[in-house]
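To start, the structure itself, in C-alpha cells.
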Amino acid sequence: MTELSLNILDICQNSIKAECSEVRIIINEDIKNDILYMDIIDDGYGMDKEFLKKVEDPFTTTRTTRKVGMGIPLLKMECEMADGCFKIDSEKNVGTEIHCSFQYSNIDRPPLGDICDTILCLIRLNPQIDFFYSHIYDGEKFDFSTKEVREILGDVPLDTDEVLQFIKNYLDENIKNLYGGKTK
Amino acid sequence: MKSLAELAAIRDKMKAQVNIREENTENAIRVVVGMATCGIAAGARPVLNAFVEETAKRNLDNVMVTQTGCIGVCRLEPIVEITLPGEEKVTYVKMTPEKVAKVVADHIVNKKVVTEYTIGAAE
Ligand SMILES: Nc1ncnc2c1ncn2[C@@H]1O[C@H](COP(=O)(O)OP(=O)(O)O)[C@@H](O)[C@H]1O
Ligand SMILES: [Mg+2]
C-alpha cells in the first residue's frame, strides 16, 4: 500500500468481518530507537491455531470471490522489507492481535499517511463498532475512543454528520499537535 | 485546541432533530463501496469519504453509504454500486473523488446515470 494507514483500514476490515465489537489501533513512532510500532487488536471471532498458521501465506482466505488472501501477507512483506517484524496471534471466539514494526528511517517503510481519514472511514461505515486509537510520537501521546464520544452523545448517533465533522476536526488538530503543529 | 467537551453542545443541538433521520430506510438510496484489499489499494477510502461528505453537504439524508468486500474485478477498483429505490443497481468503476461529485449531482440528485463512468462503458 502507498500508506500504512491504508493497511490499517484493510486489516480492520478483517476484524469487522470477524464481527468484533471493538478494534484497538495503537501506533508508536519511537523516534529515539528508530522504530515504528503498529498494533491492531480486535475482539472478533478469531481463528483456530491450524488456520492461523496458514494465514501469513497469500493463498489463505475464507473469501469466495478470489482464491488468494492479500491483506495480511502484504502487511507482513512491507514490515520485512523495512527491517521490521510481523506477528499475528489469534484465539477462537476471543479475538485477534497483530503486532508489527518497521525501521522508522528505512526508505522502504511506507509513510503513515492520512490516519485521520482511515479512522473516519471506519466510524462512518461501522457506527456500531467501537474504535480506540492511540498514537505516540516521540513520547507524546494522543488517545481517542468512540466509547468516550458515545458517553457524551447519549442518544445522538455517532454517525450524525455534525458529530463526524467534529471528530474529523478533532482528530486533525490533535494529530497535528502531536507532531508539534507541523503537518505530516 | 478542540476538546471533547464541545460534543455536549453538538449533542444538545442534535437532540431536537434525531427523530427526523430514522424514518427513511425503505426509500433510501444505497451506495455500496468495495472495501477489500484491492479496493483500498486502488483508492476506495477517499472515494467513500467523498460520497459521505458530498451527500452531507447537500443534506441528502436518504443516502446510505455502506461497504462490501471484493466485487471481483480488481483492475476496475474502486468500484461503487448505486441503487435508487425500485431501480436496477448501477456499477461505477475506477472511481475518484472528482467523479463522486458528478455522480452525486447527476445520478443521486437528478436521477441521471453517468454512463461514461459505468462498468458497461469500461468493459
Ligand atoms: N481479525 C481476524 N479475525 C478473524 N479472521 C481473520 C482475521 N484476519 C484475517 N482473518 C482470516 O484470514 C483470512 C486472510 O486474511 P487476509 O490476508 O486479510 O485476506 P482476505 O481478507 O482478502 O481474505 C481471512 O479471509 C479470514 O478468514
Ligand atoms: Mg483482509
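Only heavy atoms go into these numbers, but all of them, side chains included; no hydrogens, no water, no symmetry mates.
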- Message: Which atoms of B/Ser3 are under 4.5 Å from chain A, going by heavy atoms: the side chain, the backbone, both sets, or neither?
- Response: backbone
- Task: Count the heavy-atom pairs under 4.5 Å between each of A/Val163, A/Asp114, A/Ile16, A/Thr2 and chain B, then report the option with the highest count.
- Result: A/Asp114
- Task: For chain B, find which of A/Leu164, A/Leu74, A/Val149, A/Leu120 contributes the most heavy-atom pairs closer than 4.5 angstrom.
- Result: A/Val149
- Closest-packed option against chain A by number of heavy-atom pairs under 4.5 Å, given B/Ala41, B/Ala44, B/Pro46: B/Ala41
Which atoms of [X] approach chain B - backbone, side chain, both or neither, heavy atom under 4.5 Å:
X	result
A/Asn7	neither
A/Ile11	neither
A/Asn14	neither
A/Glu3	side chain
A/Gln13	side chain

Is the side chain of [X] donor-acceptor paired with the backbone N or O of [Y] at a distance under 3.5 Å, no angle test?
X	Y	value
A/Asn106	A/Asp108	yes
B/Tyr92	B/Val114	yes
A/Arg24	A/Phe132	no
A/Lys49	A/Ser90	yes
A/Ser5	A/Leu112	yes

- May I ask you to list the residues in residues 4-12 of chain B that approach chain A closer than 4.5 angstrom, counting heavy atoms only, ordered by number? B/Leu4, B/Glu6, B/Leu7, B/Ala8, B/Ile10, B/Arg11
- Message: Could you measure the distance from the CD1 atom of A/Ile25 to the CD1 atom of A/Ile40? Nearest 0.5 Å is fine.
- Response: 6.5 Å
- Task: Hey, could you give me the CG/CD1 distance between A/Asp10 and A/Ile72, rounded to the nearest 0.5 Å?
- Result: 8.5 Å
- A/Phe144 and A/Tyr170 aromatic ring geometry - parallel, tilted or perpendicular at 30°/60° bounds: tilted
- Quickly, which of A/Leu125, A/Asp117, A/Ile119, A/Ile123 forms a side chain to side chain contact (heavy atoms under 4.5 Å, CB included) with A/Cys121? Name it, please. A/Leu125
- Residue list, salt bridge (Lys or Arg N to Asp or Glu O under 4.0 Å) with B/Lys94, at least two apart or on another chain: none
